[in-house]
Amino acid sequence: MEFRLNEDQQMLREMVRQFAEKEAQPTVAERDEHAIWPDRLVAKMGELGLLGVAVSEEYAGAGLDYVSYAIVIEELSRVDSSLGVIASVNNSLCCYGIEKFGSEEQKRELLPALAAGRALGAFSLSEPGAGSDAAAQKTTAVRDGDSYVINGVKNWVTNGDHADTIILMTMTDPAKSYKGITAFLVDTKAPGCSIVKIENKLGIRSAHSSQMAYDNYRIPAWRRLGEEGQGFKIALTILNAGRIGIAAQALGIAQGAYEAALNYTKVREQFGKPIHEFQAVGFTLADMATRIKAARLLTYEAAWRKDNGLDYIKDAAMAKLYASETAMWVATKAIQLHGSNGYSKEYPVERFFRDAKITEIYEGTSEIQRLVISREITK
Ligand code: CAA
């Protein structure tokens, strides 16, 4: 068994770490405070190949494996988890979906720009009435000659307000329930697609999540992803891979919060000594480090299984479940170790705490991950 990253993966980690620390760190608090979309940093991520990590080179991607992809998202999120999710949505919810399910025409037309950062991608499944129950789609697509006409409202579209291409789930045949769901590759510049509002969020504030409306939005039939009725399977297959990205994001948040706490407990003195010398503090740091290591092993193993053509639905769900609950736990403890300073925006741990929460919710709540895991282990 090999537990070491190869040389390329180690170099990639170093490169992303340098980028995150030098370019994202100085502005992360301000962008979080004012919910500023990181235009310049998204462009730079594109130049560095971080938006198409696992996309094949023939479609202008970096052509790397999913372990490398997990490393990228982890390192971005260790400093700025908004960047982590922007990259994750483009990589695994949009590019991966197009490369796996798209026609050659769709791949050639859309992937090179998305993978190189000249365009941005999003994924749109959630609706006001369809969250965990993703099959309850109300957005309709009706065939009309060589196109479809789409009407409905979608919410929680991460990257939505900056996206060029969105993988959109619609209902084409309500009588067939989830077998009536069809996916499309939306061109957001075409008329009829608009932003209703950008959510004012607790965390990952620099990454925008929008509510979007489709009002007689006409889309040419060549932009249908897969066949009619395949949309639910496509959405869940994309989410299986996406969950590795969110596990990696949670891992990065946990690592960032842990490092902040570790450094703080070495310099903060009370009762005449650095507080890490108190057993209660040292044991907390030990628990943090142990949980983070377990989350990393689960996350990398799920990515490795995907890279090696093995089943990974259960493993991605386990990684996402454990890493997200670890991020929340570690960030909570990191604040506690900072005392009242941890409650202040002068220190980064309150941001990690706010950012961690969403990882237990999006791309399937912890309850949905437990449902997926329990179904997989009992079938
Ligand atoms: N992968 C692939 N296919 C799957 C699957 C999976 N993980 N889980 C189920 N399926 C298939 C089943 O095999 C079945 O297909 P067949 O009939 O062909 O066999 C079909 O889907 C229906 O399955 P179920 O009867 O199990 O469906 P269900 O409705 O009982 O449960 C669910 C499905 C697991 C609850 C699913 O709805 C789910 O994962 N919900 C969570 C939705 C979610 O993650 N939303 C995230 C929104 S995106 C987001 O968050 C973006 C962002 O901002 C970053």
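In each ligand, atom 1 is the first atom listed, and ligand 1 is the first ligand listed.
Here is the list of ligand 1 atoms found below 4.0 Å of a heavy atom in G131: 42 (C). For ligand 1 and A134, the ligand atoms under 4.0 Å from any heavy atom of the residue are 37 (O), 42 (C). The atoms of ligand 1 that sit less than 4.0 Å from any heavy atom of I313 are 1 (N), 7 (N). Of all atoms in ligand 1, numbered sequentially from 1 with element shown, those under 4.0 Å from a heavy atom of W156 are 53 (O). For ligand 1, the atoms lying closer than 4.0 Å to a non-hydrogen atom of T158 are 52 (C), 53 (O), 54 (C). For ligand 1, the atoms lying closer than 4.0 Å to a non-hydrogen atom of L239 are 43 (C), 44 (O).
For K138, the NZ atom counts as loosely surrounded, since its 6.0 Å shell holds 12 or fewer non-hydrogen atoms of other residues, nucleotides or ligands. Crowding of K273 atom NZ: a count of heavy atoms from other residues, nucleotides or ligands under 6.0 Å exceeding 12.
Between G364 and ligand 1, an N or O atom pair is found at a separation short of 3.5 Å. Considering backbone and side-chain atoms alike, S126 places every N or O at 3.5 Å or more from each N or O of ligand 1. Considering both main-chain and side-chain atoms, T237 never comes within under 3.5 Å of ligand 1 through any nitrogen or oxygen pair. Not a single N or O atom of Y362, backbone or side chain, sits closer than 3.5 Å to an N or O atom of ligand 1.
Atom 51 (C) of ligand 1 has L93 CD1, 3.9 Å as its closest protein atom, hydrogens excluded (heavy atom only). At the shortest separation from atom 26 (O) of ligand 1 among protein heavy atoms lies R375 NH1, 2.6 Å. Protein heavy atom nearest atom 23 (O) of ligand 1, with residue, atom name and distance: F232 CE2, 4.3 Å. Of all protein heavy atoms, the one closest to atom 5 (C) of ligand 1 is L236 CD1, 3.5 Å. Here the heavy atom of the protein found nearest to atom 14 (C) of ligand 1 is Y178 OH, 3.9 Å. Of the protein's heavy atoms, E363 OE2, 3.4 Å lies nearest to atom 54 (C) of ligand 1. Looking only at heavy atoms of the protein, atom 48 (S) of ligand 1 is closest to F123 CE2, 3.8 Å. For atom 19 (O) of ligand 1, the closest non-hydrogen atom of the protein is K233 NZ, 4.0 Å.
Just one of L168, L225, I166 meets the side-chain contact (heavy atoms from CB on, under 4.5 Å) condition when paired with L185; it is L225. Among the candidates D187, T188, N151, the single residue satisfying the side-chain contact (heavy atoms from CB on, under 4.5 Å) test with Y217 is D187. Tested against H338 for a ring pair (Phe, Tyr, Trp, His ring centres under 6.0 Å), the candidates Y264, F353, Y343 yield a single pass: Y264.
By the 30° and 60° cut-offs, the orientation of the rings of Y178 relative to F232 is tilted. Between W37 and H162, the angle of the ring planes stays under 30°, which puts this pair in the parallel group of the 30/60° scheme.
R4 and Q9 are not linked by any side-chain donor-acceptor pair at a separation below 3.5 angstrom, with hydrogens and angles left out of the test. For the residue pair T139 / Y214, no side-chain donor-acceptor distance below 3.5 Å is found, with atom types taken as modelled. In the model, R370 has no side-chain atom that pairs as donor or acceptor with a side-chain atom of S374 under 3.5 Å. Residues K201 and S209 bring a donor and an acceptor atom of their side chains to less than 3.5 Å of each other. Residues N200 and R205 have side chains that bring a donor and an acceptor to within less than 3.5 angstrom of each other. Defined by atom type and a distance below 3.5 Å, a donor-acceptor pair is present between the side-chain atoms of E325 and S366.
For S132, the closest heavy-atom approach to ligand 1 falls below 4.0 Å. Residue contact check for ligand 1: A317 places no non-hydrogen atom closer than 4.0 Å to it.
Here N240 has side-chain heavy atoms under 4.0 Å from ligand 1, and that is the only part of it that gets that close. Residue R243 touches ligand 1 through its side chain alone, judged by heavy-atom distances below 4.0 Å.
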